[in-house]
Protein chains: 4
Amino acid sequence: MGSVYGQAFRISTFGESHGGGVGVVVDGCPPRLALDVAEIQKDLDRRRPGQSVLTTPRQEADRVEILSGVFEGRTLGTPIGLLVRNQDARPSAYEEMRDVYRPSHADFTTEAKYGIRNWQGGGRASARETIGRVAAGAIARKLLRTLAGIEVLAWVSRVQGIDSKVDPERVSLAQVEANDVRCPDAAAAEQMFALIDAVRRRGDSVGGVVECVARGVPAGLGEPVFDKLEADLAKALISLPAAKGFEIGSGFAGTALTGSEHNDPFVADPSGRTRTTSNRSGGIQGGISNGESILLRVAFKPTATVRIAQQTVNRAGEAVVLEAGGDTIRACCRARCRWSRRWSA
Amino acid sequence: MGSVYGQAFRISTFGESHGGGVGVVVDGCPPRLALDVAEIQKDLDRRRPGQSVLTTPRQEADRVEILSGVFEGRTLGTPIGLLVRNQDARPSAYEEMRDVYRPSHADFTTEAKYGIRNWQGGGRASARETIGRVAAGAIARKLLRTLAGIEVLAWVSRVQGIDSKVDPERVSLAQVEANDVRCPDAAAAEQMFALIDAVRRRGDSVGGVVECVARGVPAGLGEPVFDKLEADLAKALISLPAAKGFEIGSGFAGTALTGSEHNDPFVADPSGRTRTTSNRSGGIQGGISNGESILLRVAFKPTATVRIAQQTVNRAGEAVVLEAGGDTIRACCRARCRWSRRWSA
Amino acid sequence: MGSVYGQAFRISTFGESHGGGVGVVVDGCPPRLALDVAEIQKDLDRRRPGQSVLTTPRQEADRVEILSGVFEGRTLGTPIGLLVRNQDARPSAYEEMRDVYRPSHADFTTEAKYGIRNWQGGGRASARETIGRVAAGAIARKLLRTLAGIEVLAWVSRVQGIDSKVDPERVSLAQVEANDVRCPDAAAAEQMFALIDAVRRRGDSVGGVVECVARGVPAGLGEPVFDKLEADLAKALISLPAAKGFEIGSGFAGTALTGSEHNDPFVADPSGRTRTTSNRSGGIQGGISNGESILLRVAFKPTATVRIAQQTVNRAGEAVVLEAGGDTIRACCRARCRWSRRWSA
Amino acid sequence: MGSVYGQAFRISTFGESHGGGVGVVVDGCPPRLALDVAEIQKDLDRRRPGQSVLTTPRQEADRVEILSGVFEGRTLGTPIGLLVRNQDARPSAYEEMRDVYRPSHADFTTEAKYGIRNWQGGGRASARETIGRVAAGAIARKLLRTLAGIEVLAWVSRVQGIDSKVDPERVSLAQVEANDVRCPDAAAAEQMFALIDAVRRRGDSVGGVVECVARGVPAGLGEPVFDKLEADLAKALISLPAAKGFEIGSGFAGTALTGSEHNDPFVADPSGRTRTTSNRSGGIQGGISNGESILLRVAFKPTATVRIAQQTVNRAGEAVVLEAGGDTIRACCRARCRWSRRWSA
C-alpha cells in the first residue's frame with residue numbers, strides 16, 4: 001500500500017520499471033477541463049531520460065495513452081486512466097542483480113519488506129515510477145493554471161557545491177529550458193554541466209537542490225493542523241526518489257536569524273490587499289497560504305548508481321564487490337574481510 | 001479540516017489556546033497495553049511552558065484526563081479520549097490583537113481562510129495545539145517501545161549559530177534532560193542558554209534545529225511510493241508550528257558528496273544480519289526502513305512573538321506599529337509610509 | 001480503529017457506556033455557523049433513555065459541553081470537541097456479566113477481537129455510543145438546513161407487524177414528536193405503544209423499521225462509483241447498533257415490479273426544472289441525487305436485552321443459563337446438555 | 001471522486017463503457033501470492049454479457065491484461081494494474097441519447113453533477129464499470145481463500161416473485177453455475193428462466209435478490225463503530241449499479257420476531273469453540289464477525305433499459321417519448337401534456 005495520494009485530486013500510480021507498463025489513475029479531476037494527450041506527453045518528454053549526455057542512456061519513447069475520463073477533448077469528472085508502456089526491458093542487463101543488494105538502492109529493503117523483488121531493474125523504486133506522477137502533475141498544473149491562475153515552476157538550484165542566482169518571482173519556463181541542466185542561471189549552468197560531465201566520466205554521480213515556486217496562489221489554502229499546506233508539500237516532495245531534505249521559505253538558513261529579523265512585516269498594497277514586504281515565510285503562515293509566492297527547496301542525494309567498485313552483500317549474506325558498471329567480481333566469506341571491522345570491533 | 005492524522009494509529013486533535021480545553025482522540029491503539037495517566041502527564045509536563053526562564057511565562061498545570069478507552073489500567077482497543085482544560089485564559093491580554101495581524105503569526109491567514117478568528121490568543125495556531133500531539137505521542141512512544149523495542153529520542157541540536165556534538169546512537173533521555181535547553185552536549189548547552197537568555201532579554205527570539213533518532217527500528221517499515229517512511233515523517237514534523245525544514249539522513253549536506261561517497265556499503269554482521277557501515281541514508285532506503293537508526297532533523301524558525309517594534313496592518317488595511325510587548329502604538333494612513341515603498345516602486 | 005467517519009465533515013467519536021464520558025470531535029464544520037450548546041442539547045434530550053415507560057430505565061442528564069471550535073456563538077472552522085460525562089455507572093449491576101456472553105450482544109466478539117472488554121455495561125457496543133453521533137448530527141443537520149435548505153426527518157414506520165401510513169413529503173417534526181413511539185400515524189402509534197408495552201411487560205423486546213426523508217436536496221450530490229450517495233447512507237445507517245437492513249427508494253419491494261413499472265418518468269416542472277413523476281429511485285439515480293426527496297428505511301432487530309431465560313456460555317466455554325433480568329442461574333458441563341445437540345449430531 | 005475503495009486492500013477503478021478501456025489498480029495486495037491472469041479472466045468471463053439469451057446482446061471478449069505488480073507468477077506487493085480494452089464501441093447506436101434523459105438511468109444526474117456526459121452509452125454509470133470490481137474481486141477472493149480459508153459465494157435468490165430454497169452452508173459454485181440464471185435451486189431456476197425470458201420478449205425487465213455467503217470467516221473481523229463489518233459490506237454492495245436494498249442476517253424479516261426469538265444462543269462446540277445454535281445475526285455481532293457464516297442479501301431493481309415506450313424529457317426540458325428499443329419518437333411542448341399534471345395540480 002501507499003500508491004494512492006491526495007484528497008480532492010487523488011492519484012493512484014502503478015508500474016515497475018520492467019513489465020507491462022507504468023501509469024496513473026486520477027480521481028477527482030473536475031469536469032469540462034480541456035485536456036489533450038499532447039499536453040501530458042509534453043511533460044513526459046521533459047521527464048524522459050536520454051535527452052542529453054548527462055542522464056541515463058535508457059532510451060524510451062514513453063508514449064502516454066488516455067484510457068478513460070476524457071470525452072471529445074474535455075474531462076468528464078470521472079477517473080482519468082493514463083498508461084505508458086515499458087519498452088526497454090533488458091532483464092539480462094540486470095541478471096547479476098538478482099541476488100546482490102546494490103548499496104543505497106531499495107534492493108535490500110524491498111526484500112526485507114515484501115520477501116520478493118522484481119530484480120529486472122529497480123522495480124517500483126525505479127525513477128521510472130515518477131512517470132505516473134509527471135502525467136498526473138501535467139493535469140494538476142493545467143488545472144491550477146486554468147481555474148486559479150496559479151503557475152508552478154521548478155529548476156535546478158544547486159549541483160554539489162555550485163550555487164545559482166535565480167529570482168523566483170521572475171524566472172520563466174523558457175529560462176529553465178534554455179540548457180540541459182535546467183538551471184536558469186546560465187553561468188552556473190555551464191559550471192554545473194562541466195561538473196556533472198566530469199563526475200559522470202569517472203563513473204560517479206552528484207546530487208543537488210531543486211527549487212520550486214508557485215506564483216499566483218490565493219490566500220487561504222492549507223488545512224491546519226496536520227494538513228498544513230507546507231506539510232502536504234513536504235510529504236509529496238520527500239516521497240520522490242532520492243529526496244533527503246525539504247525547506248519552505250527560509251528553511252534551515254532561517255534558524256540563523258532572530259525573530260525580529262525573520263518576521264515578514266505586513267503592509268497593504270495600493271489595492272488594499274494585505275501583503276508582506278519580505279517572504280521568509282515562503283508564502284505560508286500557520287499552515288495556510290498568505291497570497292505571496294510559495295517557495296520551497298528539495299535536496300536530492302547523488303544518484304546511487306555509480307560505475308565504481310563498491311562493497312556490498314548478497315542475499316546469502318556473503319560479501320560481494322560490485323565493479324564498475326555493476327558487474328559483480330567476487331564473493332568472499334562473511335565476517336572476515338575488512339568491511340566487517342565494524343562488527344568485530 | 002486537517003485535524004486527523006494517521007492510518008493504523010489515528011489521532012484527532014481539538015482545541016484552541018483559549019476556550020474549554022485542548023485534547024485528542026486516539027483511534028487504533030491496540031488493546032491490552034498497560035497505560036497510566038501518569039505516563040501521559042509526564043510528557044505533558046516536559047512540554048509545559050514556564051519550566052525555565054527561557055520559555056514563555058504562561059503558567060498552566062495542564063492536567064490530562066483519560067475520558068475513555070482505558071479500563072482497569074489497560075487499553076481496550078477503543079478510542080482513547082484525552083482532555084486538558086485551559087486555565088490561563090486572559091482575553092484582555094489579547095484585546096489589542098482583535099484587529100491587528102501580528103507579523104509571521106497565523107492571524108492574517110486564519111482570517112483569510114475562515115473569515116473568523118479566536119483573537120484571544122493564537123487559537124488553533126497556538127503552540128498549545130501540540131498538547132494533543134504530545135499526549136497521543138506518549139501513547140505511541142510507549143506502544144513502539146513495548147511492542148517493537150523502538151526507542152525515540154529528540155534534542156536541541158543547534159540554536160542559531162551554535163552547534164552541538166551528539167552521538168545519536170548513544171545519547172540518552174537523561175542527557176537530554178540534564179539542562180533547560182535540552183541539548184545533551186553540556187558545553188554547547190551552556191552557550192545556547194547564554195545566547196537565548198541574551199536575545200530574550202532584548203525582547204527578541206532565536207530559532208534552531210531539533211535532531212531526532214529512532215533506535216531499534218526493524219527493517220521493512222514504510223509504504224512506497226507516496227507513504228514512504230521519510231515522507232510520512234516529513235509531513236508529521238513539518239506540520240509542527242514554526243517548522244521550516246526537514247532532513248532525513250545526510251539531508252542537504254549530502255548533496256555535497258558524490259554517489260560513491262554517499263552510498264552506504266552493505267555488510268553482514270556476525271549474526272548474518274544485513275547492515276550498513278555508514279548511515280547517510282538515515283535508516284531508510286527506497287522509503288523503507290533498513291534496520292539502522294532513523295536520523296532526522298527539523299529546523300524551527302525563531303519564535304514570531306517578539307517584544308520589538310514591528311510594522312504591520314490591521315483588518316482595515318491600515319498600517320500599524322506593534323510596540324514591545326505587543327502594544328499597538330499607532331495607525332497611519334496606508335500606502336504612504338515607508339513600509340509601502342515596495343508597492344509604490 | 002473505525003471510530004472516524006466522513007470526508008469533508010469528519011467525526012471522531014469516543015467513549016464507553018461506563019468510564020469518564022462519551023463524545024465526538026467534529027473536524028470540517030464550516031466557519032461562521034451560529035451554534036449554541038442548547039441546539040445540540042435538544043437532540044441529545046430526544047435521544048436520552050428514560051423519557052417514557054417504553055425505554056430502558058437508565059436515567060442520565062447527558063449534559064453536553066462544547067470544548068472547542070466555537071467562539072462568541074459561531075463556529076471557527078476548527079475541530080468542535082463535544083463531551084458528555086457518564087453518570088450512571090453501576091459496575092455491580094453488571095458484575096455477573098464479567099465472564100458470561102449475553103446472546104446477540106457484542107460481548108463475545110469484543111473479546112474475540114480485542115482480548116479485553118469493559119464488562120461494566122456494553123462498553124463501546126452500548127447504544128450510549130450514539131451520543132457522539134447525535135451530537136455531531138445536530139450540527140450536521142443545522143448545517144444542511146442553513147447552507148442548503150435541506151431538511152432531514154426520521155420516524156418509526158413499523159413495529160413488529162404494525163405498519164403505519166405516513167406521507168414522507170409532508171410529515172413534520174411536530175407529528176413525529178406527538179407520541180412516545182415517534183410514529184406520526186396516531187392510530188398506528190397507539191397500537192405500537194400497546195404492543196411494545198405488552199412485550200416489555202413479559203420481559204421481551206421488539207424490533208421495527210425507521211423511515212427517513214431528506215427534503216430539499218439539490219441534484220448532483222454523491223460520488224460514484226464507490227461513494228455513491230446511497231452507499232454512504234447505507235454504511236452510516238447500517239453502522240448503527242442493531243441495524244440489520246437498509247433500503248433506498250423502492251428497496252426490496254421494488255424487485256416485484258418490472259422495469260417499465262419501476263422507472264420514474266422525467267418531466268419538466270413549470271419552472272423548467274427536471275423532475276420525476278414518481279420516486280421509486282428514492283431521490284438518487286446512478287449514485288447521484290436527482291433533486292427529489294431522499295427516502296430510506298432501516299430495519300432494527302429486537303433489542304438483545306431481554307428478561308427471559310436464555311442459554312449461553314461463559315469465557316471458560318461452560319454452558320450458562322441467563323435468567324430474567326440477566327441473572328446467571330447455573331453452569332453445566334459443556335458438550336452434554338441439549339443445547340449442544342447441534343454439535344453432537 | 002469516489003472511485004477509490006478500501007483501506008488495507010485498496011482499489012481504484014476507471015473507465016467508461018465507451019472509450020479506451022476499463023480497469024482497476026489494486027494497492028495493498030500482499031506479496032508472494034501466486035496469481036495468474038487466467039484466474040482473473042475466469043471471473044470476467046462469468047461477468048461478461050452475451051452468455052445466454054437472458055442478458056444484453058453486447059458481445060465483448062473482455063480480455064484482461066496485467067500491467068504491473070506481478071512477477072514470475074507471484075504478486076510483488078506493489079500496485080496491480082489491470083486493463084480491459086473496450087471493443088464494442090458503437091456511438092451511433094446511442095446518438096439519439098445525446099440529449100435525452102433515459103428514465104431511471106444516470107443520464108440526468110450525471111449532467112446535473114458534471115455538466116458533461118459521455119453519451120455514447122452509460123459512461124461511468126454503465127454496468128461495464130463493474131469489470132474493475134470483478135477483476136479486483138478475483139484477487140481478493142483468492143487472497144481470502146489462500147490466506148484465511150474464507151470462501152465467498154453468491155447466487156440469485158429471487159427473481160420478481162419467485163423465491164428459491166438454498167442452504168447457504170452447503171451450496172457450491174458448481175450448483176450456482178449449473179444454469180443460466182445462476183440460482184442453485186433447479187426448480188426455481190427453471191421458473192425464473194421462463195419469467196425472465198417472457199418479460200424480456202415483451203421488452204420489459206425484472207429485478208431480484210442476490211444472496212451471498214462467506215464461509216470460514218474467523219471471529220474478530222470488523223472495526224466498530226463506523227467501520228463495522230456489516231457497514232462496510234453494505235456500502236460496497238449498495239454501491240453496485242441498481243442495488244436498492246441490503247440485509248445482513250435476519251434483515252427486515254427479523255423485525256417480526258421478539259428479542260427472545262431473535263437472539264442466537266451461544267454454545268461451546270466439542271472443540272470448545274464458542275458457536276451459536278442459530279444465525280439470525282448473519283455472522284456479525286456488534287459489527288465484528290463471530291465465526292459463523294456471514295449471510296447477506298442485496299435487492300436489485302429491474303434493469304432500467306426497456307423496449308417499451310416511456311415518457312421523459314431532453315436537455316432543453318422538452319417532453320420526449322422514448323419508443324421501444326430506445327428510439328425517440330416525438331418531442332412535445334413542455335408543461336402542457338398529461339405528464340405534467342403533477343405540476344399543474
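Reminder, nothing fancy here: chain letters follow the sequence lines and each chain counts from 1.
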Subject >> Residues R32(A), E111(D): salt bridge by 4.0 Å N-O rule >> reply: no
Subject >> CH2 on W119(A) to CD on E72(D), rounded to 0.5 Å >> reply: 6.0 Å
Original post:
Taking only residues two or more places apart in sequence or in another chain, which ones pass salt bridge (charged side-chain N to carboxylate O under 4.0 Å, His left out) with D107(D)?
Top reply: R102(D), R117(D)
**OP:** Select, from C29(D), G23(D), G77(D), the one with the greatest count of heavy-atom pairs under 4.5 Å involving chain A.
**Re:** G77(D)
Original post:
With side chains defined as the heavy atoms from C-beta onward, is the minimum distance between R124(A) and S68(D) less than 4.5 Å?
Top reply: no
Subject >> Least distance between heavy atoms, I116(A) atom then T75(D) atom >> reply: CD1-O, 3.6 Å
Subject >> Flag side-chain contact, heavy atom, 4.5 Å: R10(A) against S3(D) >> reply: no
Subject >> Top contributor to chain D contacts, counting heavy-atom pairs under 4.5 Å, from L83(A), V22(A), I66(A) >> reply: L83(A)
Subject >> Minimum heavy-atom distance between V25(A) and F14(D), given as atom pair plus value >> reply: CG2-CD2, 3.5 Å
Original post:
Any idea which heavy atoms bring Q7(A) and M1(D) closest together, and the distance?
Top reply: O-SD, 2.7 Å
**OP:** Ignoring hydrogens and angles, tell me if any N or O in the side chain of D27(A) forms a donor-acceptor pair with the backbone of S12(D) under 3.5 Å.
**Re:** no
Original post:
Which pair of heavy atoms, one from E16(D) and one from G69(A), lies closest together, and at what distance?
Top reply: OE1-N, 2.8 Å
Subject >> Option in P30(D), P31(D), G20(D) with maximal non-hydrogen atom pairs under 4.5 Å from chain A >> reply: P31(D)
**OP:** Indicate the atoms forming the closest heavy-atom contact of N118(A) with F71(D), along with that distance.
**Re:** OD1-CE1, 3.3 Å
**OP:** Could you tell me which portion of T13(A) (side chain, backbone, both or neither) has an atom closer than 4.5 angstrom to a non-hydrogen atom of chain D?
**Re:** backbone
